[in-house]
Amino acid sequence: MERLSQTDSPNKAIGTDHVATSRKNGTATTNATDKKQPYISHQPDSHGHIHYSDDENAMWQALLTRQAEQIPNRACPAYLEGLTKLNLPTTHIPQLHDIDEVLQATTGWQTAAVPALISFGKFFKLLADKSFPVATFIRRFEDIDYIEEPDIFHEIVGHCPLLTHPAFAAFNETYGKLGLSATKEERWFLARLYWFTIEFGLVGSQPKDRRIYGGGILSSPSETIYALDQTSYAQLETQIQPKPTPQPEHRAFDLLDVLRTPYRIDQIQPIYYVIDELDTLFDIVDSDIMGTVKQAMSLGLFEPTYPEKSH
């Protein structure tokens with residue numbers, strides 16, 4: 001859940017440190033002493049319009065063009081249908097009210113402009129109110145392949161197409177309501193559910209039919225290839241450090257296992273959980289999520305499959 005502030009990040013529960021990291025051009029680098037300019041969301045004018053620079057619009061166009069080449073036969077059909085409904089502009093960053101018109105007409109959702117990182121409480125409250133948080137800034141060119149802070153490209157292109165789908169929308173709403181009443185420790189475990197579904201989930205029980213629905217993958221051109229293409233590692237291994245496993249591991253979705261699986265936010269994922277179909281999200285919503293959270297808390301986390309961070 002990249003949008004959460006560092007002060008109450010779910011990663012505190014999995015033993016990862018908080019040295020600032022980035023993955024520039026596919027390479028993870030430690031920036032404990034190299035402070036980069038923070039991202040700041042744009043504010044709308046008196047008419048509700050957000051003005052973006054030519055460079056920012058050029059970044060949107062570059063990201064959208066590159067991702068359009070990657071998603072055919074990789075993104076799930078519902079995502080592609082949602083993308084068609086949104087009819088995103090290719091030459092400039094869209095205004096949120098244009099996105100809202102489509103979401104309201106399909107599932108009753110809307111967007112909410114937020115800073116780069118927000119608290120657990122605000123995040124859950126927005127989702128419970130059927131408002132999806134969108135930070136109104138876009139990554140710089142040096143962060144084109146990966147950015148820890150969720151930018152407008154991640155939120156609009158990664159998530160909003162599937163917010164037109166009833167199961168995806170219902171899952172987000174229920175997740176928000178559960179999070180509002182959860183304890184701090186329970187929220188850390190809930191974060192893993194969101195990470196391995198909405199952010200980095202795959203759909204399709206048969207490998208030949210497997211597709212991506214997680215927005216963290218779909219907004220990353222390199223991970224869009226890696227997550228499904230079993231030959232992609234050879235193409236990417238010279239670019240990514242620390243290296244993921246030679247091939248990503250696909251695991252059948254099991255709620256208890258998901259809640260016990262640690263993750264890192266600063267590298268391509270070594271593990272993806274797979275649901276049978278998108279409507280499986282309805283089944284997850286109807287299950288005893290918080291009861292399973294308590295069970296996961298008593299059992300503890302699995303051993304990490306990723307390398308330790310270098311200091």
Side-chain angles (χ1 to χ4, degrees), residues 1-4 39-53 56-57 59-61 63-64 67-68 71 75-139 147 149-177 179-180 194 197-199 213-216 218-219 278 281-282 285:
M1 222 157 25
E2 298 166 287
R3 63 179 56 81
L4 299 174
Y39 285 103
I40 300 174
S41 290
H42 292 286
Q43 298 301 311
D45 62 19
S46 58
H47 302 289
H49 188 87
I50 297 175
H51 295 271
Y52 297 98
S53 69
E56 289 170 321
N57 284 321
M59 170 56 81
W60 172 269
Q61 184 173 5
L63 285 166
L64 201 62
Q67 195 64 347
I71 60 174
C76 69
Y79 173 86
L80 297 174
E81 292 168 9
L83 200 59
T84 299
K85 291 174 183 176
L86 289 179
N87 192 25
L88 297 173
T90 59
T91 59
H92 61 273
I93 299 170
Q95 296 297 314
L96 294 186
H97 57 75
D98 293 329
I99 306 298
D100 292 345
E101 286 184 12
V102 179
L103 298 184
Q104 285 282 306
T106 52
T107 57
W109 275 69
Q110 63 184 358
T111 61
V114 298
L117 296 167
I118 61 176
S119 68
F120 261 127
K122 185 171 183 178
F123 175 70
F124 288 126
K125 181 68 166 62
L126 286 170
L127 294 187
D129 292 339
K130 300 175 73 171
S131 294
F132 199 80
V134 176
T136 51
F137 72 91
I138 195 163
R139 68 195 72 180
I147 179 174
E149 306 94 330
D151 66 349
I152 194 166
F153 182 80
H154 170 85
E155 304 295 22
I156 297 299
V157 177
H159 293 304
C160 285
L162 277 171
L163 277 173
T164 65
H165 190 280
F168 190 90
F171 182 96
N172 275 277
E173 182 183 2
T174 299
Y175 184 85
K177 290 176 179 177
L180 277 178
Y194 203 84
T197 53
I198 303 305
E199 292 293 355
Y213 74 94
L218 290 166
S219 59
L278 211 55
L281 294 174
F282 279 133
V285 163

*Does K177 pair with E173 as a salt bridge, N-O distance under 4.0 Å?*
yes
*Does a donor on one side chain sit under 3.5 Å from an acceptor on the other, for E56 and S53?*
yes
_side chain to side chain contact (heavy atoms under 4.5 Å, CB included) between V102 and K85, intermediate numbers included_ = CA-CA 7 Å; V102 179; K85 291 174 183 176; 4.0 Å; yes
*Please find out if less than 6.0 Å separates the ring center of F282 from that of F171.*
no
*Please identify each residue that fulfils side-chain contact (heavy atoms from CB on, under 4.5 Å) with K122, with sequence neighbours left out.*
V114, P115, I118, S119, L126
*Closest heavy-atom contact between S219 and G215?*
OG-O, 2.8 Å
*Counting only N and O atoms by type, is there a donor-acceptor contact under 3.5 Å from the side chain of T106 to the main-chain atoms of L103?*
yes
*Evaluate the ring planes of Y194 and H159, with Trp represented by its six-membered ring, and classify them as parallel (under 30°), tilted (30 to 60°) or perpendicular (over 60°).*
tilted
*Mind checking whether F137 and Y39 have parallel, tilted or perpendicular rings, split at 30° and 60°?*
parallel
*I would like to know whether Y79 and V157 meet side chain to side chain contact (heavy atoms under 4.5 Å, CB included); could you show each step before the answer?*
CA-CA 10 Å; Y79 173 86; V157 177; 3.4 Å; yes
*Between atom CD1 of I93 and atom OG1 of T136, what is the distance when rounded to the nearest 0.5 Å?*
9.5 Å
*For L127 and W109, which heavy atoms make the closest approach, and how far apart are they?*
O-CH2, 3.5 Å
*Measure the CG-CD1 distance between L83 and I156 for me, rounded to the nearest 0.5 Å.*
11.0 Å
*Okay, side chain of D45, backbone of H47: is any donor-acceptor separation there less than 3.5 Å?*
yes
*asked:* Can a donor-acceptor pair be found, under 3.5 Å and without considering hydrogens, that links the side chain of N172 to the backbone of F168?
replied: yes
*Could you tell me which non-hydrogen atom of I50 sits nearest to which non-hydrogen atom of H42, and how far apart they are?*
CG2-CB, 3.5 Å
*Passes side chain to side chain contact (heavy atoms under 4.5 Å, CB included), L278 versus H165? Steps please.*
CA-CA 9 Å; L278 211 55; H165 190 280; 3.7 Å; yes
_Classify the ring geometry of F153 against W60: parallel below 30°, tilted from 30° to 60°, perpendicular beyond 60°._
perpendicular
*Decide whether Q61 and T91 meet the rule of one side-chain donor and one side-chain acceptor closer than 3.5 Å.*
no
